Amino acid sequence: MRRMVAHSLRRAAPALLLLLLACPPTTAFAADAPLFAPPMPPLVATGPLTFAPLVRLVVPAVVNIAVTQDADDPHKRQPVPPGVKGTPFERRFRDRMRSRGEEMLGAGSGFIIDPSGVIVTNNHVVGEADRITVSLSDGTEFPARLLGSDDLTDIAVIQIQAPHPLPFVTWGDSRQINVGDWIMAAGNPFGLGSSVTAGIVSARGRDIGASPFDDFLQLDAPINPGNSGGPSFNLSGQVVALNTAIVSPTGGSVGIGFGIPSEIVAPIVAELRRTGHIDRGWLGVTLADGDTHDGVRITDTDRGGPAQQARLRTGDIVLAVGEEPMDSSRTLIRTIAAEHPGSTVQLKIRRRGAVLTVAVVVAHRPEGMDD
């Protein structure tokens, strides 16, 4: 049907063209009015003719990560990972793992941020692993150990021990990234090995429902299974995002990928390197967004929680934490989570028309909470 319609449109096109040419000019336009606006200087004066210099600079610091589990433990056996399944490498991976008495669990990417071998990747890449193997761009392989991970932001830090300093990359400030800026993504798509793709930042602040801390950059550079944990670079070769997720009805790239901005990743990585975990603050409240984005309503308080102990009530509207206004429940959750457990925060609230300031001692966020 689609071909028939196209064919009929092609046949009708000459007649339509003749009809349009035969019509006299409409009186809405002056006969001598210019068709085009005067020339203007381009908003984007130059663009990269090649990404090759950038690739040469940063790709040696991008690594491939293979995660395995013991094959003789039936409770741990996992299917072939999506990054490999259906590719020419599926049988090779199966045979390789079987010969080692291991079961392939996952394949992903990462990047070295310290010449001593500290590597950033996604938690979903290295979680539940018995063994982590890192392959450098020159094919050299090293076993890796987990330094720390954070489920809620899907960030993990691992380390390898190499006999020499390793190439590494640095953080760029994602707050300086604008929608429309060029980025280059690197990683290990479908287990093929080191690859790069380029595109632009399509949007900022995307919430894809992964956690209450979602604040993704949306990228149109092709990102596929196996790219998880890889970096996205600005044109200066600095990491501005940790590639984490894609939207795909087909299993491959459709031009909608998501990266955690460096403004979130870098401080979490620094804390994971220091302590191996992330301590987050907690209020013990259930929240609801208002229609006007002027504060967040408390709909319930957890028994014995910090909010109840501070005598916050159901129906209170949280207007600000300190001097920072709260326009959504996500903003409030993230703001409190950033506070160190045991610290005191000043909540400005509205209660029955009166504005009050309430001091609340933030508690440690319970394990396993996802909101």
Side-chain angles (χ1 to χ4, degrees), residues 43-44 47-48 51 54-55 58-59 62 82-83 108-111 120-125 150-156 169-190 195-269 289 293 327-331 333-335 337-338 370-371:
L43 293 176
V44 181
F51 286 88
L54 181 58
V55 172
V58 300
V59 162
V62 180
S109 307
F111 51 98
V120 177
T121 186
N122 282 134
N123 181 61
H124 76 258
V125 171
D150 180 42
D151 289 340
L152 286 177
T153 55
D154 197 12
I155 297 170
V169 290
T170 58
W171 298 110
D173 189 351
S174 59
R175 294 170 297 183
Q176 304 301 317
I177 292 291
N178 297 307
V179 174
D181 281 350
W182 280 103
I183 53 95
M184 187 184 79
N188 177 33
F190 295 109
S195 298
V196 297
T197 56
I200 63 169
V201 176
S202 303
R204 295 184 59 98
R206 288 300 198 211
D207 173 10
I208 62 174
S211 86
F213 306 107
D214 283 7
D215 189 17
F216 290 101
L217 295 178
Q218 181 180 324
L219 314 171
D220 79 343
I223 296 174
N224 289 289
N227 275 118
S228 287
S232 280
F233 297 97
N234 60 21
L235 294 187
S236 299
Q238 299 168 320
V239 179
V240 293
L242 169 63
N243 303 328
T244 299
I246 61 173
V247 171
S248 175
T250 64
S253 173
V254 294
I256 304 178
F258 300 98
I260 309 171
S262 59
E263 63 191 279
I264 294 176
V265 184
I268 289 178
V269 167
D289 292 330
H293 299 286
D327 59 358
S328 70
S329 58
R330 293 179 59 80
T331 302
I333 291 171
R334 291 176 59 186
T335 301
D370 56 2
D371 57 16

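What you see is a predicted model; the values in this text were computed from it and never measured. Sequence positions, counted from 1, serve as the residue numbers for this chain.
For Asp289, there are no salt bridge (charged side-chain N to carboxylate O under 4.0 Å, His left out) partners, not counting sequence neighbours. In this view, Ser328 and Thr331 satisfy the side chain to side chain donor-acceptor pair (under 3.5 Å) rule, not counting sequence neighbours. A search for side-chain contact (heavy atoms from CB on, under 4.5 Å) contacts involving Ala338 returns nothing, not counting sequence neighbours. Qualifying side chain to side chain donor-acceptor pair (under 3.5 Å) partners for Asn234, counting only residues two or more places apart in sequence or in other chains: Gln238. Take Ser228 and apply the side chain to side chain donor-acceptor pair (under 3.5 Å) test, not counting sequence neighbours, and it matches His124. With sequence neighbours excluded, the residues satisfying side chain to side chain donor-acceptor pair (under 3.5 Å) with Ser232 are Asn243. Checked against ring pair (Phe, Tyr, Trp, His ring centres under 6.0 Å), Phe233 has no partners two or more places apart in sequence or in another chain. Applying the side-chain contact (heavy atoms from CB on, under 4.5 Å) rule to Val269 yields the partners Ile113, Val120, Ile155, Val157, Trp171, Val265, Arg273; only residues at least two apart in sequence or on another chain are considered. Looking at residues two or more places apart in sequence or on another chain, you find a salt bridge (charged side-chain N to carboxylate O under 4.0 Å, His left out) between Asp215 and Arg334.
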Carefully, step by step, assess Val196 and Phe51 under the rule side chain to side chain contact (heavy atoms under 4.5 Å, CB included). CA-CA 9 Å; Val196 297; Phe51 286 88; over 6 Å; no
Apply side chain to side chain contact (heavy atoms under 4.5 Å, CB included) to the pair Leu217 and Phe258, showing each step before the final yes or no. CA-CA 6 Å; Leu217 295 178; Phe258 300 98; over 6 Å; no
Sequence neighbours excluded and cut-off under 3.5 Å, please list the side-chain donor-acceptor pairs for residues 177-186, or say none.
from, atom 1, to, atom 2, distance (Å)
Asp181, OD2, Asn178, N, 2.8

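Among all heavy-atom pairs drawn from Ser174 and Pro261, the shortest one is OG-CB, 3.3 Å. For Leu219 against Gly259, the heavy-atom pair with the smallest separation is CD1-N, 4.4 Å. The nearest pair of heavy atoms linking Pro222 to Asn227 is O-OD1, 4.4 Å. Annotation for Gly172 and Ser262: closest pair O-OG, 2.5 Å, computed over non-hydrogen atoms. Nearest approach of Asn123 to Asp150, heavy atoms of both residues: CB-O, 4.1 Å. Shown here for Gly237 and Leu54, the closest heavy-atom pair between the two residues is CA-CD1, 3.3 Å.
Rounded to the nearest 0.5 angstrom, Asp154 CG and Leu242 CG are separated by 7.5 Å.
Applying the salt bridge (Lys or Arg N to Asp or Glu O under 4.0 Å) test to every pair with at least one member in residues 225-239, sequence neighbours left out, gives no pairs at all. Residue pairs satisfying the salt bridge (Lys or Arg N to Asp or Glu O under 4.0 Å) criterion with at least one member in residues 257-268, sequence neighbours excluded, are listed as follows: Arg204-Glu263.
Between the side chains of Asn122 and Thr244, at least one donor-acceptor pair of N or O atoms lies under 3.5 Å.
In terms of modelled atom types and a separation under 3.5 Å, the side chain of Thr121 and the main chain of Ala156 share no donor-acceptor contact.
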